Amino acid sequence: MAGQTTLSRFVGKADLVKQGAEGRVYRAQFLGKPTIVKERFRKRYRHPVLDEKLTHRRTVQEVRSILRCRRAGISAPVVYFVDYTSHCIFMEEIAGSSTVRDHIVSTQQANSCKELELQQLAERIGRILAKMHDEDVIHGDLTTSNMLLRCSSQDTESDLVLIDFGLSYISSLPEDKGVDLYVLEKAFLSSHPNTNVLFEKLLQSYTKSSKKSPAVIKKLDEVRLRGRKRSMVG
Amino acid sequence: MHLTRVLELYPDTRVTQILYKDVKNAAELRRKAMEGNINGALVNPTMLVGPFQVLVAANKAVHLQTTGKMKTKTLNAEIIFNLSPTNNISEAFKRFGISDGDHSILVVVVHKSDEVQFVSDISAMVDGQQLPVDDVSSLSDFNKIKKLFKITPQEEKCGPLLDAVVCRMAIKDVL
């Protein structure tokens with residue numbers, strides 16, 4: 001199809017940023033703006049009809065979640081263009097940013113008394129996630145690598161941007177929100193050792209900010225009791 | 001003064017925008033466009049935030065034309081449709097196309113070659129003053145735009161209006 005070859009020529013000239021199980025991520029200039037192109041490629045091990053349906057659905061869910069977040073005042077990359085034939089999303093490249101993960105790691109390594117700063121960051125994250133869950137958006141892949149701190153030119157606080165909504169969906173169930181937080185907890189504590197207190201601050205901030213938090217935290221506690229290496233004593 | 005850009009996805013295709021204010025013959029131009037004598041989309045610039053928005057609409061239109069998936073009948077109609085936040089074609093035309101009483105017009109032309117002779121041909125037809133395309137925001141009715149695109153106050157705080165508008169344009173088909 002004509003559309004497909006022009007896209008492959010375009011991505012052929014773009015810089016490949018990473019390749020995951022889901023697809024590839026490229027950087028390129030698009031309509032004069034630095035752009036990230038997320039391409040979900042075909043999975044040949046799947047039945048073609050199912051593959052098309054699944055890939056299309058994931059693409060749609062991703063962009064819908066981004067718009068929902070933005071409408072609620074949560075920073076997420078602006079979507080410029082979606083190609084539904086090749087399942088490519090063209091979105092804003094958040095320039096001059098670092099991941100929350102890198103920020104925490106470098107702050108801890110610097111060994112300065114920046115504990116308060118990290119706690120304030122954890123509280124901010126908790127507030128933003130509360131807002132997101134109140135909008136019934138489940139991120140699906142919450143890690144500190146999927147949160148960016150966009151440095152602003154002035155002396156104002158840097159903007160916290162959520163990225164990679166590839167596994168996201170809409171749900172009002174406390175269970176889904178609890179699992180979303182559980183995923184973050186596991187990722188947080190494994191990437192950043194000795195940060196239990198920090199994560200607790202995050203959860204406290206979430207609980208305070210979300211109108212629906214009691215049910216969600218209850219589910220989070222339940223989910224924590226499940227999973228691997230848990231004693232089957234009930 | 002006019003602005004031409006190559007579409008990266010379609011490198012043989014260019015989009016040129018020409019902006020006019022103090023236009024006195026909008027009705028005549030509209031008629032000419034409908035008769036096919038102006039090969040461009042006539043857009044109401046008061047509903048635009050900036051030239052980038054037009055590029056996004058034009059890029060999507062060219063893409064859909066190439067893949068045979070346009071929602072409207074012509075490329076120029078598709079450009080106007082893509083500027084709208086809704087999937088209602090007549091509403092898109094009413095708000096983003098020009099009306100007989102309009103005093104400013106943005107002409108969008110999708111063309112293949114580098115040749116820009118058509119710019120002077122079009123300017124000859126317009127009874128108005130040409131403005132640099134980057135000045136389009138001086139003509140914008142921001143309140144009307146915010147209302148039509150249903151921009152929430154929280155969203156306004158998290159980024160520029162252009163971002164909110166372009167995001168809705170890009171995602172509206174699956175909303």
Side-chain angles (χ1 to χ4, degrees), chain A residues 1-11 13-14 28-33 35 37 56-86 88-92 94 128 131 134-135 150 152 159-162 165 170, chain B residues 3-15 17 49-71 82 85 110 133-134 146 149-175:
Chain A
M1 196 187 283
Q4 266 181 347
T5 47
T6 43
L7 190 86
S8 14
R9 259 185 276 138
F10 177 75
V11 298
K13 286 189 229 144
Q29 281 287 322
F30 177 69
L31 305 178
K33 301 240 181 190
T35 301
V37 183
H56 179 79
R57 188 193 296 184
R58 289 254 169 89
T59 305
V60 168
Q61 283 171 334
E62 180 164 6
V63 298
R64 270 192 199 142
S65 300
I66 288 177
L67 187 59
R68 263 215 189 195
C69 279
R70 291 188 61 91
R71 282 209 287 240
I74 299 165
S75 291
V78 180
V79 176
Y80 297 146
F81 171 56
V82 187
D83 178 352
Y84 295 101
T85 42
S86 60
C88 281
I89 302 174
F90 289 65
M91 62 176 88
E92 171 191 14
I94 313 286
I128 288 175
K131 214 192 285 191
D134 281 354
E135 282 298 310
R150 171 167 38 195
S152 53
D159 196 15
L160 190 72
V161 187
L162 295 184
F165 284 80
I170 310 291
Chain B
L3 200 68
T4 299
R5 197 168 176 98
V6 174
L7 293 180
E8 290 88 348
L9 283 176
Y10 301 95
D12 62 342
T13 305
R14 288 145 183 73
V15 178
Q17 301 180 52
V49 181
F52 178 67
Q53 182 180 357
V54 175
L55 288 175
V56 169
N59 175 79
K60 189 173 173 186
V62 171
H63 171 76
L64 293 175
Q65 184 187 50
T66 312
T67 54
K69 297 204 161 111
M70 288 201 298
K71 301 260 162 60
N82 286 337
V110 175
V133 177
D134 284 319
K146 283 185 208 166
F149 281 81
K150 300 199 177 86
I151 311 289
T152 62
Q154 313 95 282
E155 198 176 352
E156 270 191 77
K157 276 190 235 135
C158 95
L161 182 60
L162 183 64
D163 286 354
V165 163
V166 166
C167 212
R168 276 166 181 69
M169 283 167 56
I171 301 174
K172 74 171 187 188
D173 8 27
V174 294
L175 274 178

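All figures in this text were calculated on a predicted structure; none of them were measured in a lab.
Heavy atoms closer than 4.5 Å to chain B are found nowhere in A:I89, neither backbone nor side chain. Interface remark: A:K33 contributes side-chain atoms only to the contact with chain B (heavy atom separation under 4.5 Å).
Residues satisfying the salt bridge (charged side-chain N to carboxylate O under 4.0 Å, His left out) test with A:R71, not counting sequence neighbours, are none. Residues that satisfy the side-chain hydrogen bond (donor to acceptor under 3.5 Å, both in side chains) test with A:D134, not counting sequence neighbours, are A:S210.
Ionic pairing of A:D159 and B:K157 is not present here: no N-O contact between side-chain nitrogen and carboxylate oxygen is shorter than 4.0 angstrom. With salt bridges taken as basic N to acidic carboxylate O contacts below 4.0 Å, none links B:K146 and B:E155.
Between chain A and the residues B:D163, B:I151, B:V56, B:V6, the largest count of heavy-atom pairs under 4.5 Å involves B:D163. For chain B, the option among A:V63, A:L31, A:V78 with the highest count of heavy-atom pairs below 4.5 Å is A:L31. Ranked by heavy-atom pairs under 4.5 Å with chain B, the list A:P77, A:A28, A:A72, A:A76 is led by A:A72.
Taking the six-membered ring where the residue is Trp, B:H63 and A:F81 present perpendicular rings, their angle passing 60° and hence far from 30°.
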